[in-house]
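Basis for what follows: all heavy atoms, side chains included, without hydrogens, waters or symmetry-related copies. Nothing fancy with the numbering, it's 1 onward along the sequence.
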Amino acid sequence: MTQYSYNLIQDFKNIVGAKKVLTDQTKTAYYRSGFRSGSGKALAVVFPQTLWELWQVIEACVKADAIMVVQAAKTGLTEGSAPSGEDYDREVVIINTLAINNIHLINDGTQAISLSGSSLHSLEEKLNKIDRDPHSVIGSSQIGASVIGGIANNSGGALCKRAPAYTELALFGQIDENGKLQLVNHLGIDGLGETPEEILNNVEQGNFDPAQIRQDVGMASDTEYADWIRDIDSDIPARFNADQRRLFEASGCAGKLAVFAVRTDTFAKPKQEQVFYLGTNDPEKFAELRKDVLSNFKELPDMAEYLHRDIFKITEKYGKDTFLAIQYMGTSKMPQFFAMKAWVENLLKRIPLLSSSIPDRTLQFISRLFPQHLPQRMLDFRDQFEYHMILCTSDAGIQEAEDYLKEKWPEDINSAYFKCTEKEGKKALLHRFAAGGAAGRFALMHKDTVEGILPLDVAMRRNDFDWVEKLPKEVSDKLYGTMHYGHFMCNVFHQNYLVKKGEDKAELKKLMLKYMQEKGAKLPAEHNFGHQYEADENVKEFYKKLDPTNSFNPGVGKMSKNKNHQ
């Protein structure tokens, strides 16, 4: 270890204490790896316990000209929450903020201020007590994702009325073009103090006067999305990570700022909810449904989640353990469950002759011991229909949807629907959530025939109603199978391709991206660029403006990892 590295590590220990600094490569492995894939080098992992400690750690890194990767739950799906590779030109320091998890409800609970490490699940639990919901309620909350991670990646979007995570109100650290660390307070709260220490401590402790919370300083959610999604004549996708409309400071920053706190809107819980389950063999029926709902419905549905029969079947078998874990343990235990699984996998990687896939294979075996977990009516639709949709409605939208379905979806050999019981509705949504990991589990269990999984996150144009994929032969010949699901009303699809054994995944991805771009689609739609996608030019310029010295999370969007973006 060089004297430079030693001195920096000592600085960290002086700030947070020796026990909150990890340098042993085996102990840092978990934090240096992505949620699904990817890993890189790091000099140390530091665990500040307060916003003021976080600021001091960043100051030490800036003084030492070190790279910073600020992470919380590191649930990013495109490798953007951890270092990538060894080819950095400076030392890399990972700063994990999970311990800084305070949440303050303001404005009678209509908004929340969430600190660096606060989880979406914690926010959801806090809001449940006052009958309100956060900006996102599916998927991310179950795996422990942080509120700020969602904002930084414009994540989510299953909810038709609310849009992906977005705010213009944040408190963040930024390094200017002269290499000086600045604290930027755009939370819209006056009287927090003059120095970084005063401001950060007051925000963390909730020491601010409600009368000094300003209401005229910007949006705390995308309040325009419900109208935006209804414009079905536009050839611009409803939402995608390169959308300049929703790149603003912390929102979409992809870790190019050190975000200390964000202010977001909350939403009143529905008084009534109803899930309808739809099936068809005619994709035009779903296209017609989308047109009619977005053009004519007074009330948008809460969600419209699509599943192809192939992913339905695969999730039934290979997502069963996830389904059962949530059903029996509850969502409150899922973040710990996923974190423990990841910890065991990283431990196994360090033990010779033992496979890191043991946890997955064990869970897969155990799930087979349980009886059928899906409702019979869903299984009947599985056998009868190729295309499936879970249509979630609430309050005034329930009767509107039911009247429409009675008129437009008479039961026949090609199409049908049923009104779910509460139990069926919950199980349908659980099945949809479990689909997220089922494709990867299938690939792991069939390594003899599958090279791996190629996941693409596709935002189709709003005016594109020819939504069923028709792959060119040069692509389809290289695939073992496809598994598609998505958020139907906004035309966003998660398309998972099982690559045949021996095929080149990288080359196939190039073909796929070319094919998608020719269709006018945008990628990624909501998981951000990370280290897997090349950022659009406008995004690259956004990143450079936020972080001119390239000190925070360099390399995202396949950009330079070198100082000053050289």
Side-chain angles (χ1 to χ4, degrees), residues 30 35-37 75 121 138-144 275 277 279 305 307-349 351 353-385 388 390 418 420-450 452-453 455 480-481 483-485 494 496 498 501:
Y30 170 74
F35 186 75
R36 281 182 177 170
S37 61
T75 58
H121 179 72
I138 186 173
S140 297
S141 59
Q142 272 83 30
I143 59 176
V275 177
Y277 198 95
E305 292 298 290
L307 284 166
H308 187 269
R309 177 159 53 192
D310 288 347
I311 189 66
F312 183 113
K313 290 181 175 180
I314 282 173
T315 304
E316 181 184 351
K317 182 175 181 180
Y318 295 96
K320 186 176 179 180
D321 60 297
T322 299
F323 182 105
L324 294 173
I326 297 174
Q327 183 179 34
Y328 290 115
M329 296 167 54
T331 56
S332 64
K333 302 293 184 183
M334 293 311 294
Q336 297 97 312
F337 173 79
F338 280 107
M340 178 60 70
K341 180 174 176 288
W343 183 85
V344 172
E345 288 169 346
N346 275 281
L347 177 65
L348 290 170
K349 287 177 183 177
I351 302 175
L353 304 179
L354 286 183
S355 170
S356 62
S357 68
I358 289 176
D360 278 290
R361 294 184 181 277
T362 302
L363 290 169
Q364 186 62 37
F365 173 78
I366 293 172
S367 71
R368 292 166 54 189
L369 304 178
F370 286 78
Q372 174 58 253
H373 57 295
L374 297 178
Q376 186 58 48
R377 290 201 288 183
M378 285 178 64
L379 298 175
D380 292 341
F381 269 46
R382 172 203 64 192
D383 297 336
Q384 189 175 353
F385 302 118
H388 297 238
I390 306 164
F418 63 86
C420 294
T421 65
E422 183 179 356
K423 186 175 180 180
E424 286 174 327
K426 287 180 178 178
K427 289 194 171 187
L429 286 170
L430 263 183
H431 189 59
R432 161 63 185 88
F433 169 68
R441 173 70 62 76
F442 180 92
L444 183 147
M445 301 295 290
H446 294 80
K447 283 187 173 182
D448 54 336
T449 53
V450 176
I453 183 172
Y480 181 89
M483 294 174 287
H484 293 2
Y485 55 94
H494 302 301
N496 297 292
L498 296 169
K501 194 71 174 177

Could you report the tightest heavy-atom contact between [X] and [Y], atom names first, then the distance?
{"X": "Gly425", "Y": "Cys420", "value": "N-CB, 3.6 Å"}
{"X": "Gly319", "Y": "Ala434", "value": "O-CB, 3.5 Å"}
{"X": "Asp448", "Y": "Lys501", "value": "O-CG, 3.8 Å"}
{"X": "Ala439", "Y": "Ile453", "value": "CB-CD1, 3.2 Å"}
{"X": "Gly452", "Y": "Ala443", "value": "C-CB, 4.4 Å"}
{"X": "Ala435", "Y": "Ile311", "value": "CB-CG1, 4.0 Å"}

Does [X] use its side chain to pair, donor to acceptor, with the backbone of [Y] at less than 3.5 Å?
{"X": "Arg361", "Y": "Leu444", "result": "yes"}
{"X": "Ser357", "Y": "Asp360", "result": "no"}
{"X": "Gln364", "Y": "Lys317", "result": "yes"}
{"X": "Lys427", "Y": "Met378", "result": "no"}

Exactly one of Arg382, Arg441, Arg368 clears salt bridge (Lys or Arg N to Asp or Glu O under 4.0 Å) with Glu316, and that residue is Arg382

Quick one: pull up [atom1] in [X] and [atom2] in [Y] and give me the separation to the nearest 0.5 Å.
{"X": "Asn496", "Y": "His308", "atom1": "CG", "atom2": "NE2", "value": "13.0 Å"}
{"X": "Thr315", "Y": "Leu307", "atom1": "OG1", "atom2": "CG", "value": "6.5 Å"}
{"X": "His373", "Y": "Asp321", "atom1": "NE2", "atom2": "CG", "value": "9.5 Å"}
{"X": "Ile390", "Y": "Arg432", "atom1": "CD1", "atom2": "CZ", "value": "7.5 Å"}
{"X": "Gln327", "Y": "Thr322", "atom1": "CD", "atom2": "OG1", "value": "12.5 Å"}
{"X": "Asp310", "Y": "Leu498", "atom1": "CG", "atom2": "CG", "value": "9.5 Å"}

Flag if over 12 foreign heavy atoms under 6.0 Å of CD, Glu422
no

I'd like to know whether the aromatic ring centres of Phe381 and Phe312 sit less than 6.0 Å apart in this structure.
no

Counting the benzene-type ring for Trp, do His431 and Tyr277 have ring centres under 6.0 Å apart?
no

In terms of the angle between their ring planes, are Phe442 and Tyr318 parallel, tilted or perpendicular, with boundaries placed at 30° and 60°?
perpendicular

Just by distance, no angles: are the side chains of Gln376 and Asp380 close enough, under 3.5 Å, to form a donor-acceptor pair?
yes

